[in-house]
Amino acid sequence: MEAIRPVPRTLLRDRAYVAIRDAIVAGEIEPGAVVKDAELAERLGLSRAPVREAFARLVDEGLLESKPQSYTRVTPVVAADVRDAAAVVGAMHELVTRVAVPRLFAADVEAMRAANERFAAAVETGDVDTALHADDVLHDVLVRVSGNRAAAATVARYTPLIRRLERRRFGEGGACRSAGLHERLIEACATGDVDAAVRVTAEIWRGLAELADRD
């Protein structure tokens with residue numbers, strides 16, 4: 001029985017955070033919806049304490065807004081917030097791309113190619129979950145290889161604000177990212193062309209900022 005130990009409180013908090021964040025990003029909890037810790041705690045099979053901690057983190061990250069003793073609710077999708085997030089996340093991706101490209105192995109490039117194939121197929125069929133997951137996998141290769149934990153944390157913090165708008169665009173029948181741009185990025189990575197890889201990365205994230213302008 002020595003292997004059975006209490007689950008750390010931090011893991012419960014993180015579990016609540018991920019579940020609520022993903023529900024907000026996916027639109028399962030819609031913008032403007034009031035969220036209550038007791039209700040979500042029951043649905044998640046948790047106590048209220050880790051849910052409250054998750055709420056505090058989501059308020060800090062801009063997915064929830066709270067008025068003490070009144071309400072906690074999902075924030076609206078605001079174009080200016082998405083533009084700001086895209087600028088920050090894009091800058092981090094440019095940084096990690098510059099560092100990672102000289103360090104990539106053939107297996108890393110192949111992982112990016114495989115992810116882009118899944119991305120393109122998912123966009124073709126309108127499978128938003130698979131498309132965005134594949135997009136994450138592709139770009140996360142560069143984040144991981146760069147070894148920059150500060151950049152990784154910044155990307156993780158602000159990407160959900162962008163994802164909400166991307167999901168809306170998919171729902172409207174549009175694709176928010178281009179498999180063709182991904183292909184250009186991958187080819188630059190494969191040939192070790194750092195400057196080209198950074199330029200394509202900037203183009204990808206500039207397109208997401210422009211997406212917010214059309215909202």
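Residue numbers start at 1 and run along the sequence shown.
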K.L.:
Has the side chain of T201 got a donor or acceptor atom that lies under 3.5 Å from a matching backbone atom of H93?
P.N.:
no
K.L.:
Under the 3.5 angstrom rule, does the side chain of R164 hit a backbone N or O of P76 as a donor-acceptor pair?
P.N.:
yes
K.L.:
Just how far is it from atom CG of D135 to atom OG1 of T130, taken to the nearest 0.5 Å?
P.N.:
12.5 Å
K.L.:
Around atom CZ of R144, are there more than 12 heavy atoms of other residues, nucleotides or ligands at under 6.0 Å?
P.N.:
yes
K.L.:
What's the shortest heavy-atom distance between T191 and A188, and which atoms?
P.N.:
OG1-O, 3.2 Å
K.L.:
So L142 and L104, do their side chains get closer than 4.5 Å, heavy atoms only?
P.N.:
yes
K.L.:
Taking a hydrophobic cluster as the set of Ile, Leu, Val, Met, Phe, Trp and Tyr residues connected by side-chain heavy atoms closer than 4.5 Å, whether directly or through intermediates, do L95 and V101 fall within one such cluster?
P.N.:
no
K.L.:
Side chains of D60 and R157: closer than 4.5 Å at any heavy-atom pair?
P.N.:
yes
K.L.:
When rounded to the nearest 0.5 angstrom, what is the spacing between CZ in R48 and CG in L40?
P.N.:
11.0 Å
K.L.:
First locate atom CE of M92, then atom CD of E94, and finally report the distance between them rounded to the nearest 0.5 Å.
P.N.:
9.0 Å
K.L.:
Checking side-chain contact (heavy atoms from CB on, under 4.5 Å) against V143, which of D136, T97, V96 comes through?
P.N.:
V96
K.L.:
For the hydrophobic clusters of this structure (ILVMFWY residues joined by side-chain heavy atoms under 4.5 Å, transitively), does one cluster hold both V59 and L161?
P.N.:
yes
K.L.:
Is there a donor-acceptor pair closer than 3.5 Å between any side-chain N or O of R21 and the backbone N or O of L63?
P.N.:
no
K.L.:
With a sphere of 6.0 Å drawn around CD of E203, does it hold more than 12 non-hydrogen atoms of other residues, nucleotides or ligands?
P.N.:
yes
K.L.:
Are there over 12 heavy-atom neighbours, none belonging to E42, within less than 6.0 Å of that residue's CD?
P.N.:
no
K.L.:
When clusters are formed by joining ILVMFWY residues with side-chain heavy atoms under 4.5 Å apart, either directly or through shared neighbours, do V34 and I24 land in the same one?
P.N.:
no
K.L.:
Is there a donor-acceptor contact under 3.5 Å from the side chain of D108 to the main chain of F105?
P.N.:
yes
K.L.:
With the 4.5 Å side-chain cut-off for hydrophobic clustering, are V155 and M112 part of the same group?
P.N.:
yes
K.L.:
Less than 4.5 Å apart, side chain to side chain, heavy atoms only: is that true for L138 and F119?
P.N.:
no
K.L.:
May I ask you to decide if the ring planes of H182 and H139 are parallel, tilted or perpendicular, using 30° and 60° as cut-offs?
P.N.:
perpendicular
K.L.:
Treat each ILVMFWY residue as a node, draw an edge where side-chain heavy atoms are under 4.5 Å apart, and state whether V88 and V82 are in one component.
P.N.:
yes
K.L.:
For a quick test of reading the model, state the closest non-hydrogen atom pair linking Y158 to V89 and the distance between them.
P.N.:
CB-CG2, 3.6 Å
K.L.:
Checking D195 against R199 for the side chain to side chain contact (heavy atoms under 4.5 Å, CB included) test, could you report, in this order, the C-alpha distance in whole Å, the side-chain angles of both residues, the deciding distance, and whether it holds?
P.N.:
CA-CA 6 Å; D195 289 339; R199 283 196 301 271; 3.7 Å; yes
K.L.:
Using side-chain heavy atoms (C-beta onward) and a distance below 4.5 Å, is R57 in contact with I20?
P.N.:
no
K.L.:
Within this structure, what is the CD-CG distance for the pair E53 and D37, rounded to the nearest 0.5 Å?
P.N.:
11.5 Å
K.L.:
Tell me the closest heavy-atom pair linking T75 and G62, and the distance in Å.
P.N.:
OG1-O, 2.8 Å
K.L.:
Could you go step by step and tell me if W205 and I162 meet the side chain to side chain contact (heavy atoms under 4.5 Å, CB included) rule?
P.N.:
CA-CA 10 Å; W205 291 95; I162 305 165; 3.7 Å; yes
K.L.:
Measuring from atom OG of S66 to atom CZ of R52, what distance do you get when rounded to the nearest 0.5 angstrom?
P.N.:
11.5 Å
K.L.:
So, are R163 and E166 salt-bridged, with charged N and O less than 4.0 Å apart?
P.N.:
yes
K.L.:
With the side chain counted from C-beta on, respond yes when I186 and V109 share a heavy-atom pair under 4.5 Å apart, and no when they do not.
P.N.:
yes
K.L.:
Which value, rounded to the nearest 0.5 Å, describes the distance between L46 atom CG and R13 atom CZ?
P.N.:
12.5 Å
K.L.:
With side chains defined as the heavy atoms from C-beta onward, is the minimum distance between R184 and E187 less than 4.5 Å?
P.N.:
no
K.L.:
Side chains of K36 and T72: closer than 4.5 Å at any heavy-atom pair?
P.N.:
no
K.L.:
Nearest heavy-atom pair of S146 and V99: which atoms, and what distance?
P.N.:
O-CG1, 3.8 Å
